[in-house]
Each structure stands twice: as C-alpha cells, then as structure tokens.
2 protein chains.
Amino acid sequence: MKTSLVAVDLHGQGCADCAVRGFSVCASLDQFEMREFEQLSRRVNFASCETIFAQEDSSSFFYNLLDGVMRLYKLLPDGRRQIVGFVLPGDFVGMTTDERHGFSADAIGPVTVCQFAKLPFGRFAEHKPNLLRRMNELAVQELNHARDHMVLLGRRSAEEKVATFLVGWRDRLVELRGPSNVVPLPMSRQDIADYLGLTIETVSRTFTKLEREGIIAILPGGVSLRDSARAEALAAA
Amino acid sequence: MKTSLVAVDLHGQGCADCAVRGFSVCASLDQFEMREFEQLSRRVNFASCETIFAQEDSSSFFYNLLDGVMRLYKLLPDGRRQIVGFVLPGDFVGMTTDERHGFSADAIGPVTVCQFAKLPFGRFAEHKPNLLRRMNELAVQELNHARDHMVLLGRRSAEEKVATFLVGWRDRLVELRGPSNVVPLPMSRQDIADYLGLTIETVSRTFTKLEREGIIAILPGGVSLRDSARAEALAAA
DNA sequence: CCCCGTCTTTGACCCAGATCAATGCAAATT
DNA sequence: AATTTGCATTGATCTGGGTCAAAGACGGGG
C-alpha cells in the first residue's frame with residue numbers, strides 16, 4: 001500500500017487525539033459532548049477507488065474525512081460525469097435533507113473516514129446550537145465554493161480553468177500542510193477534466209501549455225508552481 | 001408600474017399575514033418568536049433593475065424575498081457574468097460567513113423584500129435550534145441546487161441546458177402558483193444566457209429550435225411547454 | 001527484466017457554440 | 001405617424017475545445 005500523498009497522523013482511535021479535531025465539525029464540541037460523539041462514530045478505512053457511497057444510496061451516514069482524498073461526483077444517465085468537489089482531511093461530507101445522497105463519493109488512494117449514522121447524529125445535534133451553527137458555517141462555505149465553481153464552469157477558458165484549479169488546490173494543501181509550491185495531484189487527468197468541464201486531452205494540452213509558458217513544471221504525481229504570480233493572475237482574471 | 005409576473009398578495013405589514021410565512025425561514029418560528037422577529041425586520045421595495053446588494057458590499061443584511069424576482073450573479077474583473085441563481089418569493093438570500101457577500105443581487109421587475117440586520121438576527125438565532133436547523137435545511141437545499149447546476153454548466157449541451165432551465169423554472173412556479181405549462185420568463189435572454197453559460201444568440205437559436213421541434217411555443221414574456229414530456233426528457237438525459 | 005495494462009501526451013481534424021453583423025420588432029418619446 | 005431605444009432573432013463565419021487515433025511513459029506482476 002503506497003503512502004497517502006496528503007497524509008495525516010492517525011495514532012490513536014479516540015476523538016481527543018484526532019488529527020482533524022481542530023478544524024472539522026467537531027471543533028464546536030466541548031470535552032463532554034466529544035465523549036458522547038465518540039460513541040456515535042467509528043473509523044472506517046477504504047481502499048483506493050472504493051466507493052464510500054453512491055448517488056442513489058439512501059443517505060444514512062455522515063462522514064468526516066480523516067486521511068486521504070475523495071472525489072464527489074454526479075453522473076448523468078448516459079455516463080457523463082461532473083466532479084463537484086474533492087475532499088481533504090477535515091472536510092465534512094454527506095449533509096443533506098434528502099433521502100438519497102444525490103452524488104457519489106469515492107476514494108482517490110486509501111482513505112480513512114470517521115463515519116456516523118445520520119439519525120443518532122441528528123438527535124445528538126438537535127439541541128446543540130454550537131454544533132448547528134458550525135454545520136451552517138460549513139454548508140455556507142461549501143455553497144460559496146460551489147458558486148465560484150459555477151463561474152469557472154460557465155465563463156472561463158480552459159487555461160483559466162486549469163490555473164484556477166491548481167492555485168485553489170495548492171491553497172487548500174497549504175492550509176493543511178504548510179506553504180509549498182509543489183502541488184501533489186493524487187487525482188487522475190480524467191478527474192481533473194470532469195471537475196473542470198473539459199476533456200482529458202484538453203487538460204493534458206493545457207498542462208503542457210502552462211509548462212511551455214514557464215508557469216508550472218510537470219512532476220510525477222503533481223506539478224510545481226514555478227510562476228505562482230502568473231498562475232494567480234490567470235485564476236483571478 | 002407594471003404588475004409583477006410572479007405576484008403574491010401583500011395585504012398587511014406584519015409577519016402573521018406575510019404571504020411567505022409558511023415556506024420561508026420563518027416557518028420554524030413560533031408565535032412569540034415571530035413577534036420578536038418582526039422587530040428586527042422591515043419591508044423594503046426596490047424598483048426594476050435596482051441593486052439589492054453588490055458583490056463587494058459588506059454583508060450586513062439578510063433578505064427574504066416577499067414579491068418579485070431577483071437575479072444573483074458574480075462578475076469577473078473583465079465583465080464576464082455568471083448568474084448563480086434566480087430568487088423567487090419565499091427564498092432566503094444573503095447567508096454567508098464572510099464579511100462580503102461575494103455575489104450581487106438585483107431586481108428583475110419591482111421587488112419587495114423583508115430585510116433584517118445580520119448581527120441582531122445572529123443574536124436572535126443563536127439559541128434557537130429550530131431556526132438554525134431550518135437555515136441548515138435551506139443552505140443544504142441551495143447546495144444541492146448548486147451541484148445540479150454544476151453538472152448543467154460543465155456537461156450539458158445548449159439544448160439540454162435550455163430545456164432543463166425551462167422545466168426547472170416551471171416547476172418552481174408550479175410550487176408557488178399551481179400547475180400550468182405556461183412559463184412566464186421575467187428575465188431577459190441575456191440573463192438566461194448568463195445563467196446557462198451560453199451567449200444570448202445561442203439561447204435565442206435554441207428557443208427557436210425547440211419551437212420548431214414542437215416542444216415549446218414562444219409567447220410574449222415567456223413560453224408555453226407544448227410537449228412537456230419531451231422537454232423533461234431533454235432535461236433528464 | 002520484460003511484458004501488459006493503464007494513463008498521459010501529442011497530432012490531425014471536426015463541430016457546437018462563439019463572434020460579428022444585420023435585421024426585426026415592440027414599447028416609449030416626440 | 002415618425003423616431004428612438006433596447007431587446008430578440010437570424011445569418012455568415014470563425015475558433016476553442018472536442019473527437020478520433022496513435023504513440024509514449026510508467027508501474028506492477030510474473
């Protein structure tokens with residue numbers, strides 16, 4: 001089993017020493033609530049490419065990603081795929097009011113999640129304004145991200161799309177692991193294409209173009225942002 | 001002043017007789033909370049094309065649309081525009097954790113909103129799990145819509161985009177005003193284009209095409225879904 | 001070390017939708 | 001009635017990105 005590109009230490013099993021404790025939903029829980037929450041949740045591992053849940057599955061669990069990377073995507077009946085997001089440790093997945101998830105999630109490389117059943121969690125959260133406010137915050141953050149992504153999908157060129165993706169992905173990794181312009185890309189070119197509303201060929205050509213222009217260097221398993229200012233200019237424009 | 005295409009009665013001024021009482025955030029408030037809430041909010045009218053708030057404005061208010069239609073959109077520095085949603089009576093607008101809204105909202109035709117300041121509302125909501133849960137529900141609903149729209153923007157053809165928009169818009173109006181296949185379109189072709197990630201010419205041509213195919217009839221100020229089954233098939237595909 | 005399968009890159013060509021340019025059309029203005 | 005104004009439609013042409021096809025490149029298993 002190859003080591004995860006976005007690794008986080010997972011020493012113990014409890015919430016107290018959870019790697020993700022500080023920046024996930026749980027950040028809003030006090031010591032006692034945390035103890036209670038611990039009872040509701042359990043850690044589950046998935047191998048690379050395993051499906052955590054599918055679009056049409058009844059949504060009976062929430063997930064908190066502890067380690068690894070996931071992709072969230074929707075499929076059209078004819079197989080066209082749109083990736084709606086990549087998930088990093090600390091991200092909360094599965095919020096929904098519907099009976100079905102409405103999108104699928106699978107593992108990009110091995111993944112560890114903190115899984116908890118919707119119903120008991122609902123009861124647990126019901127009278128905890130702190131937790132509810134925290135969940136609101138997360139939902140609104142995702143909504144903001146979703147709207148930004150609509151602009152990208154509807155109104156930006158291939159080059160802008162790729163640059164925006166690379167800068168955004170780097171920024172998320174920086175938040176998680178500290179500053180670096182080396183950007184590991186655990187997802188495939190096809191994943192990137194389906195995230196940006198492009199084909200794999202266009203993504204590949206655009207990477208090459210950005211490299212020719214001296215903006216990035218293509219490395220095995222990722223890229224390096226050589227001229228991060230120009231990349232950011234493309235992303236903003 | 002021409003009458004709104006999506007009119008709702010606005011007899012009195014209080015919450016008790018608010019046209020939108022039953023299906024907005026306020027649905028989660030009891031009689032007493034409602035009385036308190038009434039103190040925080042006030043009704044404001046906007047003329048056609050007026051801006052309710054802009055992308056870079058500090059987000060000091062929330063809004064509940066009472067009457068009319070609004071468009072929410074983001075602008076790129078060079079003027080490209082992506083409409084991220086149309087707002088109908090009962091919709092809640094302005095949820096954000098950021099200091100700035102991040103998108104603009106303006107009136108399509110005359111509009112009446114129920115406006116309330118963020119800070120006092122925050123204090124009011126802080127310890128009301130019912131209200132917090134309701135807001136969660138709304139945020140998650142919008143998130144689901146946003147994800148559906150990502151699929152549309154990233155992976156669908158012009159014809160599918162237009163059909164999906166028409167069917168979706170009809171369904172929202174049906175919910176509000178009862179079943180009908182006559183679909184008023186208060187927004188301009190340019191608005192539709194900026195919502196679907198197309199140009200105005202392509203929208204126009206696609207309308208004409210759908211009419212030639214007998215799926216819609218183009219009326220002044222809207223369309224009629226002549227063959228709603230075929231429109232829905234295009235929307236689902 | 002060498003297949004073999006999978007993923008990525010590159011090239012040649014094509015087309016859906018963009019762009020550019022009139023023209024149509026109806027409400028508002030004189 | 002004539003004129004302006006602001007869409008919306010239509011036509012002609014162009015092009016960014018898609019499609020199809022063929023090499024690389026790379027890692028895993030024997």
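Throughout, protein chains are lettered first and strands after them, A, B, ... in sequence-line order, and every chain is numbered starting at 1. Just so it is clear, the structure is predicted and the values come from calculations on it, not from any experiment. As a basis for the values below, the full set of heavy atoms in this structure was taken, side chains included, without hydrogen atoms, waters or symmetry mates.
- In this structure, CZ of R156(B) is placed 17 Å from C1' of dA16(C), rounded to the nearest angstrom.
- Along DNA chain C, the nucleotide nearest to S204(A) and the one nearest to V203(B) differ in position, and the one closer to the 5' end is contacted by S204(A).
- Taking atom CD on E160(A) and atom C1' on dG16(D), their separation rounds to 13 Å, with Å as the unit.
- Partner of R170(A) under the side chain to side chain contact (heavy atoms under 4.5 Å, CB included) criterion, out of V182(A), L225(A), V223(A): L225(A) alone.
- Contact annotation: T202(B) side-chain N/O to dA18(C) OP1/OP2 distance is under 4.0 Å.
- For the pair R189(B) CZ and dC7(D) P, the computed distance is 13 Å after rounding to whole Å.
- In this structure, the CZ atom of F207(A) is 12 Å from the P atom of dT10(C), given to the nearest Å.
- Here the P atom of nucleotide dT6(C) and the CG atom of D191(A) are 16 Å apart, to the nearest Å.
- A 6.0 Å sphere centred on CZ of R21(A) holds more than 12 heavy atoms belonging to other residues, nucleotides or ligands.
- Considering all non-hydrogen atoms of both residues, R71(A) and I83(A) come closest at CD-CD1, 3.9 Å.
- At a threshold of 4.0 angstrom between heavy atoms, the contacts of S188(B) are confined to the sugar-phosphate backbone, with no base atom among them.
- Here the closest non-hydrogen pair linking V69(B) and V111(B) is O-CG2, 3.4 Å.
- Where I200(B) and T199(A) meet DNA chain D, the nucleotide closest to each residue was compared, and I200(B) sits on the side nearer the 5' end.
- Nearest heavy-atom pair, P89(B) versus D67(B), reported as atom, atom and distance to 0.1 Å: CG-CA, 4.0 Å.
- Nearest to the side-chain atoms of A158(B) among the listed nucleotides dG17(C), dT10(D), dT9(C) stands dG17(C).
- Rounded to a whole Å, the NZ atom of K209(A) is 17 Å from the C1' atom of dG11(C).
- Heavy atoms of other residues, nucleotides or ligands lying less than 6.0 angstrom from CZ of R230(B) number more than 12.
- Counting heavy atoms from C-beta on, the side chains of V93(A) and F53(A) come closer than 4.5 Å.
- Helix bend of the helix from dC1(C)-dG30(D) to dT30(C)-dA1(D): the angle between its two end axes, each built from five pairs, comes to 30° after rounding to 10°.
- With sequence neighbours excluded, the residues forming a ring-ring contact (aromatic ring centres under 6.0 Å, His included) with Y195(A) are F86(A), H149(A), F165(A), listed by chain and number.
- In this structure, L153(B) places its CG atom 15 Å from P of dG17(D), rounding to the nearest Å.
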At a cut-off of 3.5 Å, list every protein nitrogen or oxygen paired with a nitrogen or oxygen from nucleotides 20-23 of chain C, distance to 0.1 Å.
unit_1  : atom_1 : unit_2  : atom_2 : d
dC20(C) : N4     : E201(B) : OE2    : 3.0

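- In this structure, E175(A) places its CD atom where only 12 or fewer heavy-atom neighbours from other residues, nucleotides or ligands lie under 6.0 Å away.
- In this structure, CD1 of I218(A) is placed 15 Å from C1' of dC26(D), rounded to the nearest angstrom.
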